2 protein chains.
Amino acid sequence: MAQQEPREGRLRPARRLTLTEDVYESIKTLVMDHILPPGERVNIDALARELDVSPTPVREALARLEADGLVRKRPLSGYTTTPLLSRAEFDDLFDVRQLLEGATAGRAATHASAEARQRISVEAAASIDVEAGDGYRRHAAFTALDARFHDLIAEVSGSPLLRDTITRLHSHLHLHRLYFPVAGAPDTNTEHQRIAAAIVAGDAPAATEAMRAHLSAARERHLPAFDQLPTPGTPRDSA
Amino acid sequence: MAQQEPREGRLRPARRLTLTEDVYESIKTLVMDHILPPGERVNIDALARELDVSPTPVREALARLEADGLVRKRPLSGYTTTPLLSRAEFDDLFDVRQLLEGATAGRAATHASAEARQRISVEAAASIDVEAGDGYRRHAAFTALDARFHDLIAEVSGSPLLRDTITRLHSHLHLHRLYFPVAGAPDTNTEHQRIAAAIVAGDAPAATEAMRAHLSAARERHLPAFDQLPTPGTPRDSA
DNA sequence: CAAAGCAACATCCTATAGGAAATAGGTTCC
DNA sequence: GGAACCTATTTCCTATAGGATGTTGCTTTG
């Protein structure tokens, strides 16, 4: 576990309405940031002690996270964090992203309000100031910005179902290797601006194509992560 | 006291490995079959008594169902079953289905094994014997058959992620009005066979188009359900 | 007669305890 | 020396009890 705070400091910042909700967000962050390593066993009691709550809300939060695909539950053996994406799963993910997000970009170009187009344009332009910060911090900021841009387009597409589906997919993306050098930030910004321009211009086919090209390029940028680190596939999936 | 003997009639047929899993399936069936009406409050204790288990596994199952979108949880007010789909949500659902399932049909046509094509062909042909049975029984059988056909194509498409996504969508479809006269069974069979033929022939564009046309027709067939019954939108969503 | 305030109720949420199963380690036998 | 068996520990899973909160119905007042 290796969590520094022994007892007094709580992980969750402020009580929301229900404790379970807070625990859910806390564990989700733990998994997303790989503080709980992928493929690792998750001890319910230990986690409950760590968060200073009873096992019950932890169990409930874990059940939700299982449906989200962030943890797995083997019937009589407890929970484990979902293993890292294999090369095949990663390719599959980006295939589906191209399909879904290409559609959202096209829909956004077709029927989006003027105010929405403005927001997209601003968001794409704001991608510049990511240069600040260093290392992990910089990477986290970049990832968050990218996620926000894609989610914004999904929101504007006018299909709540499509947006939810894509959001779910993005959670899976975080199961990818988080700590690999992100070299293509400038390229990403350029591609984002191309997409934004097509949407603002109302050119649906161009927006779709720009999005698909962006995702294709992003896939290529992520690819080296599979060669330079050990255990490319599922580390300890003994099921 | 842990292994309680079968008291009265139990809802779940046979213990799987974990009690929570059984409870999850039981509640899911209850919601799918509208035994728990859409938009209705779900009492945890009452449900636990009904299933003859403690509230804990019920709570855990409900958490999973919430992630599935079958129930909603209002922070300090308990769980409610998801309201019936509104017209807009229904249209949205079929838009996304056309996008996703059109893709699966095309992919199936492109790269599916000979054995898989055979299975699809058989499944499409087997759609005939639905004529037996009466009323609810017949409708349930037809729905199950339709779901199996679509799932089979998704499975053969070679994209696990796409298949999972579609499966999740189909759960939402069951939130639609379950008890409306299904008049277009023969049409459905014909359309299914057209799709199957295109996949067997390896014609991806034709398979995609056939699937999209099928879903478009199915949408039209379902449409009257919105006119002949009360509360077309969200009945009691006071959030 | 309507609206606001109050009180009782029902329900959810959290905590704790005990039983059952699987895993891991050591020992014994081949 | 290796493999299988047995035992002990750890962990999960289920059940029950108590505190806190939202909701509902009734009464009272304008």
Side-chain angles (χ1 to χ4, degrees), chain A residues 1 7 10-12 14-27 36-37 39-67 71-82 235-239, chain B residues 1-8 10-12 14-27 36-37 39-67 71-82 235-239:
Chain A
M1 205 55 52
R7 184 49 71 101
R10 289 211 186 173
L11 286 173
R12 57 210 138 75
R15 283 285 304 258
R16 203 168 283 108
L17 282 81
T18 64
L19 195 56
T20 299
E21 192 72 18
D22 292 331
V23 173
Y24 171 78
E25 290 296 339
S26 296
I27 301 179
L36 289 171
E40 194 79 1
R41 296 193 59 166
V42 178
N43 188 306
I44 293 180
D45 291 338
L47 210 54
R49 282 194 302 271
E50 184 67 30
L51 272 57
D52 195 25
V53 296
S54 74
T56 306
V58 173
R59 174 173 292 278
E60 196 167 336
L62 246 27
R64 288 184 52 186
L65 286 168
E66 186 194 11
V71 300
R72 292 185 167 281
K73 174 186 176 184
R74 213 165 44 174
L76 272 311
S77 177
Y79 286 93
T80 57
T81 51
T82 302
R236 56 178 65 191
D237 190 72
S238 60
Chain B
M1 72 181 85
Q3 301 296 336
Q4 60 281 62
E5 52 272 31
R7 183 186 290 180
E8 300 291 326
R10 244 186 235 196
L11 287 173
R12 57 208 138 77
R15 282 286 306 260
R16 202 167 282 107
L17 282 80
T18 64
L19 194 56
T20 298
E21 191 72 17
D22 291 330
V23 172
Y24 171 78
E25 292 295 338
S26 296
I27 301 179
L36 288 171
E40 192 78 3
R41 296 192 58 164
V42 177
N43 188 306
I44 293 180
D45 292 338
L47 210 55
R49 283 193 301 272
E50 183 68 29
L51 272 57
D52 195 25
V53 296
S54 75
T56 307
V58 173
R59 173 174 292 276
E60 196 167 336
L62 245 29
R64 288 184 53 187
L65 286 168
E66 186 193 11
V71 299
R72 294 186 167 280
K73 174 186 177 183
R74 214 167 44 176
L76 272 311
S77 176
Y79 287 92
T80 57
T81 51
T82 302
R236 56 176 67 189
D237 190 70
S238 58

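A, B, ... follow the sequence lines: proteins, then strands. Residue 1 opens every chain. Computed from a prediction, not measured in an experiment: that's the story for all the values here.
Looking at residues two or more places apart in sequence or on another chain, you find a side-chain contact (heavy atoms from CB on, under 4.5 Å) between B:L47 and B:I27, B:L30, B:V42, B:V58. Under the side-chain hydrogen bond (donor to acceptor under 3.5 Å, both in side chains) criterion, B:S54 pairs with no residue, sequence neighbours left out.
Between B:S54 and D:dA15, a side-chain N or O to OP1/OP2 separation shorter than 4.0 Å is present.
Under the 4.5 Å side-chain criterion, counting only non-hydrogen atoms from C-beta, A:L62 is in contact with A:L65. Looking at A:R74 and A:T80, their side chains never come closer than 4.5 Å, going by heavy atoms from C-beta outward.
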Listed pairs, N/O of protein and of nucleotides 11-13 of chain D, under 3.5 Å:
{"residue": "D:dT11", "atom": "O5'", "partner": "A:N43", "partner atom": "ND2", "Å": "3.3"}
{"residue": "D:dC12", "atom": "OP1", "partner": "A:V42", "partner atom": "O", "Å": "3.2"}
{"residue": "D:dC12", "atom": "OP1", "partner": "A:I44", "partner atom": "N", "Å": "3.1"}
{"residue": "D:dC12", "atom": "OP2", "partner": "A:N43", "partner atom": "OD1", "Å": "3.2"}
{"residue": "D:dC13", "atom": "OP1", "partner": "A:P75", "partner atom": "O", "Å": "3.0"}
{"residue": "D:dC13", "atom": "OP2", "partner": "A:R59", "partner atom": "NH1", "Å": "3.2"}
{"residue": "D:dC13", "atom": "OP2", "partner": "A:R59", "partner atom": "NH2", "Å": "3.4"}

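Only one option out of A:E66, A:E60, A:K73 pairs with B:R64 in a side chain to side chain contact (heavy atoms under 4.5 Å, CB included); it is A:E66.
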